[in-house]
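Data first, discussion second: the structure below is written as structure tokens.
Protein chains get the first letters and strands the later ones, always in sequence-line order, with residue 1 at the start of each.
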There are 2 protein chains.
Amino acid sequence: MTRVLVIDDEPQIVRALVINLKARHYEVDAAHDGAGALQLAAARHPDVVVLDLGLPDMDGVEVIRGLRGWTRVPILVLSARHSSDEKVEALDAGADDYVTKPFGMDELLARLRAAVRRAEPVPGDGDDVIVETERFTVDLAAKKVNRDGRDVRLTPTEWHLLEVLVRNTGRLVSQKQLLQEVWGPSYGTETNYLRVYMAQLRRKLEADPAHPRHFITEPGMGYRFEK
Amino acid sequence: MTRVLVIDDEPQIVRALVINLKARHYEVDAAHDGAGALQLAAARHPDVVVLDLGLPDMDGVEVIRGLRGWTRVPILVLSARHSSDEKVEALDAGADDYVTKPFGMDELLARLRAAVRRAEPVPGDGDDVIVETERFTVDLAAKKVNRDGRDVRLTPTEWHLLEVLVRNTGRLVSQKQLLQEVWGPSYGTETNYLRVYMAQLRRKLEADPAHPRHFITEPGMGYRFEK
DNA sequence: GGCGTCTTTGACGGAACTCTGACGCCTCCG
DNA sequence: CGGAGGCGTCAGAGTTCCGTCAAAGACGCC
């Protein structure tokens, strides 16, 4: 299901959006200020963001920059300002679309669909979705790991970590990058998390967890997944 | 250079667009009807399309469908129609953005930039920079060194040092510069560090560490990496 | 509200890495 | 010919980093 993050300080607009979006089977989170929005975005990883520029605590453009610092999620800006400069500033800061209030709900939803559609991965492009080693198989699309003919059960965090590593097969992924991708942009130094979860992955997937062949540690730098 | 395909049957609009786009260093093709547009798109593979819906020979939405049949190139629709239905139809047919005439040139250009930016591939995704010598290869992105088919393990400091040298292949890098880049700006005289770590690199990468062919010492000055 | 699962946190031993000093070699120069 | 400075090599000390375990805390489900 597509997850939308709505950011607006006017309750009636939020309510209207939430009702319309939920009726169309979107999953909706809502924030009423910039700080809460950035936090929610990090925690929930929405598929698209609807952002009102007029927020009480910070400039809307700052919110865009805050998001663009770590994600390419589509951002659809709402604003009461019709000025061309405002639009240009928001778009150049990283927004994907700009709709002026009052807006038609049909149009907004169509623009939302367009933004989501664009962000979808090209079908058949990254279809090396299945990565195999001699011991286990990872299916990125089905979110399944198979080992010795049996499905291995992974927790959400374990899966997320595995996904980042597998998508970078052969490449070193720094500790900071792993932490930020899995736990959110405000993390970066909590390397103990990595130690714990890397141990879990090894215990579940490596033949000899004490001497890993696939999940390689590069001391002081990061981790690397090798086929 | 970014290539734009402009499709409009009103000469004055085409002229205005072409002039503005060329002034901003875009490469511009122009078509005045749907058939010509589809042909030009196939021949020139533009990076973004600006499409007026009111064409003489076919419905603008048909042009969108024609393009979407084989390409995901961003399509920015221009239209005199303000009706919500028209927008929804165009967006759902595959358009990326919808601007109503009369439009501000600044805004259009900003939306164009946003569309192009979105379509850009993620930097640092698959673009590995690999430096080769006859003895070993260095992959800066994956942080990997391969020698005789085997991966060589480097410590963080060794990597950093190697990285600075490789990025300056063929050029002399002074001792002070190396120390400051690897150990931090407050270092500059601790040349013993360099001696130790340069020895490590040579031991791990050179065929005959006592007679280095790639990591050359320039006495009293610095070091140089040669392919 | 109780239970099970998942995440977070802390502590510890061991491994890996960095730093340091000593020594010998070479080159340059008086 | 002898001394000085710069460099390469080696090995050990000190520090940081990592794997492991266990337990507490948070969360969702029944």
Side-chain angles (χ1 to χ4, degrees), chain A residues 27 39 42-45 143 145 151-163 165 172-176 178-184 186-224, chain B residues 143 145 151-163 165 172-176 178-184 186-224:
Chain A
E27 193 174 337
Q39 209 171 337
R44 304 273 293 162
H45 287 268
K143 289 211 189 301
V145 180
D151 279 354
V152 181
R153 211 182 144 67
L154 295 184
T155 71
T157 308
E158 286 165 7
W159 176 259
H160 207 329
L161 183 60
L162 175 67
E163 201 173 351
L165 287 168
L172 174 76
V173 188
S174 74
Q175 310 177 125
K176 190 172 176 181
L178 284 170
L179 283 166
Q180 295 194 338
E181 292 226 24
V182 177
W183 279 270
S186 61
Y187 291 77
T189 56
E190 294 80 352
T191 58
N192 46 326
Y193 292 10
L194 290 178
R195 295 209 297 278
V196 171
Y197 278 92
M198 204 59 65
Q200 308 266 53
L201 281 180
R202 283 171 176 152
R203 195 161 47 74
K204 292 185 178 179
L205 298 179
E206 290 274 5
D208 179 5
H211 302 97
R213 296 176 39 82
H214 304 292
F215 299 94
I216 316 287
T217 303
E218 302 279 359
M221 302 199 289
Y223 293 85
R224 182 200 308 280
Chain B
K143 289 224 188 321
V145 177
D151 282 350
V152 182
R153 256 197 155 172
L154 297 185
T155 71
T157 310
E158 287 163 8
W159 249 113
H160 212 153
L161 185 59
L162 175 66
E163 207 172 343
L165 288 168
L172 172 73
V173 187
S174 73
Q175 304 183 346
K176 188 172 179 180
L178 283 171
L179 283 165
Q180 294 192 340
E181 290 225 28
V182 177
W183 278 270
S186 61
Y187 291 76
T189 56
E190 295 80 349
T191 58
N192 46 326
Y193 293 9
L194 290 178
R195 295 210 296 279
V196 171
Y197 279 93
M198 204 59 65
Q200 307 267 52
L201 280 181
R202 284 170 175 154
R203 193 164 49 73
K204 291 185 178 179
L205 298 179
E206 291 274 5
D208 179 5
H211 302 96
R213 297 177 39 83
H214 303 292
F215 299 94
I216 317 288
T217 304
E218 301 280 357
M221 307 184 59
Y223 294 86
R224 178 207 316 275

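- Non-hydrogen atoms lying under 4.0 Å from DNA chain D are contributed by nothing in residues 153-161 of chain A.
- A centroid separation of less than 6.0 Å is found between the aromatic rings of B/Y197 and B/W183.
- If you measure from atom CG of B/D208 to atom C1' of D/dT9, you get 14 Å, rounded to the nearest angstrom.
- Ion pairing between B/R224 and B/E218 holds under the 4.0 Å rule for side-chain N and carboxylate O.
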Report the C-alpha separation of B/R195 and B/T217 in whole Å, then their side-chain angles, then the decisive distance to 0.1 Å, and conclude whether the side chain to side chain donor-acceptor pair (under 3.5 Å) test is met. CA-CA 10 Å; B/R195 295 210 296 279; B/T217 304; over 6 Å; no

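- Between B/E158 and B/R153, none of the side-chain N atoms (NZ, or NE/NH1/NH2) sits under 4.0 Å from a carboxylate O, so this pair counts as no salt bridge.
- Two residues are said to be in side-chain contact when any heavy atoms from C-beta on lie closer than 4.5 Å; B/E206 and B/H211 fail this criterion.
- For the OP1/OP2 pair of C/dT7 and a distance below 4.0 Å, the side-chain nitrogens and oxygens of A/W183 include no atom meeting the criterion.
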Sugar-phosphate atoms are those with a prime plus P, OP1 and OP2; base atoms are the rest. Using that split, label each nucleotide of nucleotides 14-24 of chain D B, S or - for protein heavy atoms under 4.0 Å, 5' to 3'. ---SBBB----

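- The shortest distance between side-chain heavy atoms of A/L162 and A/V145 falls below 4.5 Å.
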One pair to check against side chain to side chain contact (heavy atoms under 4.5 Å, CB included): A/T157 and A/Y193. What are the steps and the verdict? CA-CA 10 Å; A/T157 308; A/Y193 292 10; over 6 Å; no

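- D/dC7 atom P lies 18 Å from atom CD of B/Q200, rounded to whole Å.
- Between B/Y187 atom OH and C/dT18 atom P the separation is 12 Å, expressed in whole Å.
- Counting heavy atoms from C-beta outward, B/L161 and B/L154 have side chains that stay 4.5 Å or more apart.
- Within 6.0 Å of CZ in A/R213 there are 12 or fewer heavy atoms belonging to other residues, nucleotides or ligands.
- The side chain of A/Y197 lies closest to C/dT7, out of C/dT9, C/dT7, C/dT18.
- Residues A/L165 and A/L178 form a side-chain contact, since some pair of their non-hydrogen atoms from C-beta on lies under 4.5 Å apart.
- Fit an axis to the five pairs at each end of the helix from C/dG1-D/dC30 to C/dG30-D/dC1 and the two axes sit 30° apart, to the nearest 10 degrees.
- For B/I216 and D/dC7, the CD1 to C1' distance is 15 Å, given to the nearest whole Å.
- Shown here for A/P209 and A/R202, the closest heavy-atom pair between the two residues is CG-O, 3.7 Å.
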